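Working notes for the structure below.
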Amino acid sequence: MTTVAPTTAHAERLERLAEHAYNVRMHALQMGEVQGQGYVGQALGAADMLTVAYMDQLRYDVADEHWEGRDRFLLSTGHYAIGLYAALAEAGIVPLEELETYGSDDSRLPMSGMASYTPGMEISGGSLGHGLTVAVGMALGLRHRGLAEQRVFNFLSDGELDEGSTWEAAMGAAHHRLGNLTAMVDMNALQADGPAQGVLRTEPVLEKWQAFGWHAIRVDGNDLPALVDAFDEARSVAQPEGKPQVIICDTKVGSGVTMLEEREKAHFMRIEEHEWAICREQLTARYEAAKEAAR
Amino acid sequence: MSTTAAPKLKTSAMIASFADPGQKTAPAPFGHALAKAAEQDERIVGLTADLGKYTDMHIFAQAHPDRYFQMGMSEQLLFGAAAGMAEAGLTPFASTYSVFAARRAYDFICLDIAEPNLNVNVVGGLPGLTTGYGPSHQATEDMAIFRGMPNLTIVDPCDSIDIEQAVPQLAASEGPTYLRLLRGKVPTVLDEYDYTFELGKAKVLRGGADVVFVSSGLMTMRALQAAELLAAHKVDVAVVHAPTIKPLDVDTIVAELDTPRLAVTLENHSVVGGLFESVASALVRRGVSRRVVPVGLPDAFLDAGALPTLHDRYGLSKEKIVETVLAELG
Ligand SMILES: Cc1ncc(C[n+]2csc(CCOP(=O)(O)OP(=O)(O)O)c2C)c(N)n1
Ligand SMILES: [Mg+2]
């Protein structure tokens with residue numbers, strides 16, 4: 001990976017993203033508190049990936065979610081919707097006031113992400129292992145229609161690497177030389193039945209994607225500077241016809257909130273009523289300390 | 001956005017329970033029944049696709065760790081491998097959610113399991129409308145999909161009693177089965193009646209002069225509750241429980257419906273391709289011309305939300321059943 005020289009502009013970019021990532025985590029905690037439980041650990045873990053995507057990389061028009069010139073972001077991991085809603089709110093696509101309706105009856109923000117409910121949502125996820133197949137078609141379709149600038153991003157979980165369909169799509173993308181397609185995989189080492197390696201061993205993941213013909217990058221998904229470099233590298237090789245790119249992100253469930261990072265990993269993390277305030281305090285303290293250290 | 005003080009109903013999908021508050025329940029009846037059956041029959045093995053904890057298969061895994069196989073979140077592999085294990089002389093119970101068994105793995109279940117008529121027992125969690133997650137998790141058409149598969153026996157249990165008694169019978173029966181799993185704290189209802197589960201049999205749980213309900217799955221619990229409520233309206237309701245959807249107990253059901261009583265089917269499934277249409281075709285084949293009122297899910301992709309809200313919205317709650325019946329009776 002090429003390291004970008006630490007210019008002032010770059011430092012400002014990182015500082016701005018750190019603030020956005022902090023906000024995204026705060027939004028996720030707010031939604032988690034509404035449900036009193038849920039996929040908060042996943043949202044916090046993926047917050048940096050989603051922040052870099054929405055606040056640094058993707059092209060979209062806040063006023064027009066159907067703008068043809070937009071990059072497409074496909075969330076196949078439906079239960080991560082809480083994380084995506086947080087990013088969409090930070091991006092201004094979903095109103096902040098709406099976050100408190102998360103998972104409630106008749107909300108536009110259902111627990112499992114669906115295109116028909118939420119502005120800015122490209123596909124309905126939830127049945128895991130669909131996203132990359134649809135992404136392949138979108139990338140093919142956009143290229144076919146001469147929309148050469150537009151890129152397609154697919155967010156997938158490490159659990160989705162268990163599904164054969166993901167690898168069918170991976171081969172299809174390489175076969176069709178979909179250089180306009182970027183996958184981002186959240187390697188949180190967790191699945192429904194527990195630690196991912198006890199469910200199905202998928203390693204070596206980097207080498208697998210490489211063998212499937214992808215430009216593969218592996219990075220600490222909670223290290224913002226490294227993540228930005230990885231996304232920049234993917235962008236630098238992205239082109240209508242070429243190797244699809246995958247950014248494999250090792251993340252920590254509950255990232256940013258010490259108490260949750262230390263809690264036993266669980267697909268459904270229990271957080272007691274009185275703990276939400278502690279979560280917010282810890283998140284803020286960590287963010288402030290990092291900001292201080294960066295100065 | 002709501003500004004009222006009423007508590008917001010939450011989706012709580014993965015752990016949702018349809019038990020009424022204070023209702024008698026049994027924990028993980030499927031897992032316990034399978035663990036027990038495995039003590040008698042050493043061929044029984046358990047498989048899952050990253051949903052052991054969510055299909056009560058973890059209970060079996062704790063009891064028989066060496067007979068439990070975690071296949072990863074790979075449903076096609078799950079059922080292909082179950083077929084292979086059956087070919088090798090074992091009796092697999094393989095669990096995932098109903099949607100993933102019926103939709104994603106259909107081809108594998110059909111050709112690798114049903115065509116060779118192997119004793120593989122497909123266990124589907126979240127049948128019908130038992131989660132508020134929306135269409136990705138709501139198996140509203142699982143019976144419709146599976147009814148078309150030759151050789152497959154389909155069981156839609158009502159409660160913990162049904163499940164406990166069904167599991168050893170599924171293991172013992174030849175050929176493949178599909179069980180619409182109720183998991184977690186499952187209501188115990190049928191112990192109040194003179195009832196035992198018999199594969200392939202429908203049972204009259206209570207007699208009644210005005211209306212006859214034919215129901216399956218958790219809707220039998222609702223049917224019994226609605227029957228009690230209707231008694232207060234001086235409506236006398238019979239309830240026939242038909243937990244085996246295929247092959248259907250045509251003799252019992254047609255005999256019960258060939259009367260002047262208002263006939264109602266109740267199922268936790270789309271009105272397309274489930275109990276209602278099974279019953280209707282049985283009547284037509286026997287030359288019985290009866291109007292039948294279906295209580296079931298609409299032919300539509302359903303909303304996300306809290307289960308009580310959705311059961312009310314789509315007519316499955318006991319109150320809505322009462323309304324439907326009273327409206328029919330005029
Ligand atoms: C095709 C499919 N199979 C099973 C499930 C049930 N399920 C929901 S989340 C999940 C865990 C998958 O792993 P991952 O997405 O990495 O989960 P996390 O990191 O959030 O624990 C499973 C098995 C599903 N949604 N889709
Ligand atoms: Mg995971």
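Note that the coordinates shown come from a computational prediction; the quantities given were computed from them, not determined experimentally. Numbered from 1 within each chain, the chains take letters A, B, ... in sequence-line order.
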(message) Is A:Ser107 in contact with chain B via its backbone, its side chain, both, or neither, using a 4.5 Å heavy-atom distance?
(response) neither

(request) Enter the distance from B:Tyr133:OH to A:Met114:CE here, rounded to the nearest 0.5 Å. (result) 10.5 Å

(request) I would like to know whether A:His79 and B:His137 meet side-chain contact (heavy atoms from CB on, under 4.5 Å); could you show each step before the answer? (result) CA-CA 11 Å; A:His79 63 281; B:His137 285 64; over 6 Å; no

(message) Determine whether A:Leu200 and B:Met73 satisfy the following criterion, side-chain contact (heavy atoms from CB on, under 4.5 Å), listing intermediate values before the conclusion.
(response) CA-CA 8 Å; A:Leu200 189 67; B:Met73 190 177 67; over 6 Å; no

(message) Atom CD of residue position A:Gln197 - does it have more than 12 heavy atoms of other residues, nucleotides or ligands inside 6.0 Å?
(response) no

(request) Heavy atoms only: give me the nearest B:Ala304-A:Pro110 pair and the separation to one decimal. (result) CB-CB, 3.9 Å

(request) Verify the neighbour count for atom NZ of B:Lys185: are there more than 12 heavy atoms of other residues, nucleotides or ligands below 6.0 Å? (result) no

(message) Would you say that more than 12 heavy atoms from the other residues, nucleotides or ligands in this model lie under 6.0 Å from the NZ of A:Lys252, or not?
(response) no

(request) Go through the steps for B:Val99 and A:Ser127 under the test side-chain contact (heavy atoms from CB on, under 4.5 Å), then give the verdict. (result) CA-CA 9 Å; B:Val99 280; A:Ser127 181; over 6 Å; no

(request) Would you mind checking which part of B:Arg104 comes under 4.5 Å of any heavy atom in chain A, side chain (CB onward), backbone (N, CA, C, O), both or neither? (result) side chain

(request) Indicate whether any N or O donor in one side chain lies under 3.5 Å from an N or O acceptor in the other, for B:Thr309 and A:Asp105. (result) yes

(request) Using atom types as modelled and distance alone, determine if a side-chain donor or acceptor of A:Asp162 lies under 3.5 Å from a backbone N or O of B:Gly72. (result) no

(request) Nearest 0.5 Å please: distance from the OG atom of B:Ser74 over to the CG atom of A:Leu128. (result) 11.0 Å

(message) Determine whether A:Glu163 and B:Gln76 satisfy the following criterion, side-chain contact (heavy atoms from CB on, under 4.5 Å), listing intermediate values before the conclusion.
(response) CA-CA 8 Å; A:Glu163 292 286 354; B:Gln76 299 182 343; 5.9 Å; no

(request) Measure across A:Asp193 and B:Gln70 and return the closest heavy-atom pair with its distance rounded to 0.1 Å. (result) OD2-NE2, 2.8 Å

(message) Looking at B:Asp299, I want to see if its CG is surrounded by more than 12 non-hydrogen atoms of other residues, nucleotides or ligands under 6.0 Å.
(response) no

(request) May I ask you to say whether A:Asp106 pairs ionically with B:Arg313, meaning some side-chain N is under 4.0 Å from a carboxylate O? (result) yes

